[in-house]
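This report refers to the structure that appears directly beneath it.
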Amino acid sequence: LSELGSESAKIKAMGIMDKLSTDKTVKVLNILEKNIQDGSKLSTLLNHNNDTEDEERLWRDLIMERVTKSADACLTAINIMTSPNMPKAVYIEDVIERVIQYTKFHLQNTLYPQYDPVYRVDPHGGGVLSSKAKRAKCSTHKQRVIVMLYNKVCDVVSSLSELLEIQLLTDTTILQVS
């Protein structure tokens with residue numbers, strides 16, 4: 001999916017995506033939707049109290065792999081839809097909504113908590129800290145995979161703004177994007 005995402009960006013830049021068969025493009029988008037759905041509700045901030053450190057790391061790696069795969073599927077789908085001169089059949093509302101759902105969930109539950117500790121929930125139910133105290137205790141070191149996810153989500157958000165200029169969307173979809 002990572003390779004498919006980068007290739008779709010190249011084809012979009014060349015402006016030849018519309019030369020592909022519409023039927024096959026729609027089938028690819030439907031497959032991509034299933035891949036997006038796989039990682040759209042997975043929380044990367046696991047904390048299994050009774051797991052060992054190795055088990056928790058393995059769980060986190062597995063979840064991050066699925067989340068990253070879904071991000072690549074989002075990028076591929078949005079690259080297809082924002083390519084020039086695409087037929088109306090490729091603007092599948094379910095795929096668009098799934099991309100928005102994925103983006104919104106991971107902004108709120110993965111990226112914001114990683115970059116700003118005010119968004120973090122204390123798993124031990126400890127005392128309430130002020131936002132300044134939380135920020136003071138925060139480490140600025142970010143995992144490489146989180147930075148990569150951040151960059152992909154930024155690309156998706158940017159492409160969603162392109163899609164809003166290309167295709168008329170329903171009011172509920174526009175509200176979700178905003």
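Along the sequence shown, residues are numbered consecutively beginning with 1. All values reported here derive from a predicted model rather than from experimental measurement.
- Here the side chains of K41 and Q101 are in contact, with some heavy-atom distance below 4.5 Å.
- Looking only at side-chain heavy atoms (C-beta outward), R57 and D61 come within less than 4.5 Å of each other.
- We find that K27 and D23 are not joined by a salt bridge, their nearest charged nitrogen and carboxylate oxygen being 4.0 Å or further apart.
- Looking at every heavy atom in both residues, N35 comes nearest to K69 through OD1-NZ, 3.5 Å.
- Remark: L168 CG is loosely packed, at most 12 non-hydrogen atoms of other residues, nucleotides or ligands lying under 6.0 Å away.
- Contact annotation: the side chain of L111 approaches that of I146 to within less than 4.5 Å [non-hydrogen atoms, C-beta and beyond].
- N109 places a side-chain N or O within 3.5 Å of a backbone atom of F105 that can act as its donor or acceptor partner.
- Between L42 and M64 there is no side-chain heavy-atom pair separated by less than 4.5 Å.
- The side-chain heavy atoms of T173 and T170, taken from C-beta on, include a pair separated by under 4.5 Å.
- Using a 4.5 Å cut-off on side-chain heavy atoms (C-beta onward), I11 and I80 make no contact.
- Taking 4.5 Å as the limit, every side-chain heavy atom of E97 sits out of range of all side-chain heavy atoms of Q176.
- Remark: R60 engages E56 in a salt bridge, criterion side-chain N to carboxylate O under 4.0 Å.
- Judged by distance alone, with hydrogens and angles left aside, the side-chain atoms of T82 form no donor-acceptor pair with the main-chain N or O of E162 at under 3.5 Å.
- With hydrogens and angles disregarded, no donor-acceptor distance shorter than 3.5 Å links the side chain of S159 to the backbone of V156.
- If you take CG on L160 and CG on D155, they are separated by 11.0 Å, rounding to the nearest 0.5 Å.
- At least one donor-acceptor pair under 3.5 Å links the side chain of Y102 to the backbone N or O of V67.
- Hydrophobic cluster membership is shared by V157 and Y115, with clusters built from Ile, Leu, Val, Met, Phe, Trp and Tyr side chains linked at under 4.5 angstrom.
- Closest approach of S70 and S40 over heavy atoms only: OG-N, 4.5 Å.
- For K34, there are no side chain to side chain donor-acceptor pair (under 3.5 Å) partners two or more places apart in sequence or in a different chain.
- Grouping the Ile, Leu, Val, Met, Phe, Trp and Tyr side chains by contacts below 4.5 angstrom, directly or via other members, places I31 apart from V95.
- For the 3.5 Å distance criterion, the side chains of S161 and S158 fail to qualify, holding no donor opposite an acceptor.
- For T76 (side chain) and G5 (main-chain N/O), a donor-acceptor pair under 3.5 Å exists by modelled atom type.
- For the pair T110 (side chain) and L107 (backbone), a donor-acceptor distance under 3.5 Å is absent.
- The cluster map of Ile, Leu, Val, Met, Phe, Trp and Tyr, joined by side-chain heavy atoms under 4.5 Å apart, puts L58 and V145 in different clusters.
- Counting heavy atoms of neighbouring residues, nucleotides and ligands inside a 6.0 Å radius, atom CD of E7 exceeds 12 of them.
- Two residues are said to be in side-chain contact when any heavy atoms from C-beta on lie closer than 4.5 Å; I92 and E33 fail this criterion.
- Side-chain atoms of H106 come within 3.5 Å of backbone atoms of G39 as a donor-acceptor pair (strictly under, hydrogens ignored).
- What you find for M17 and N79 is that their closest heavy atoms are CE-O, 4.3 Å.
- Other residues, nucleotides and ligands place more than 12 heavy atoms under 6.0 Å from the OH atom of Y91.
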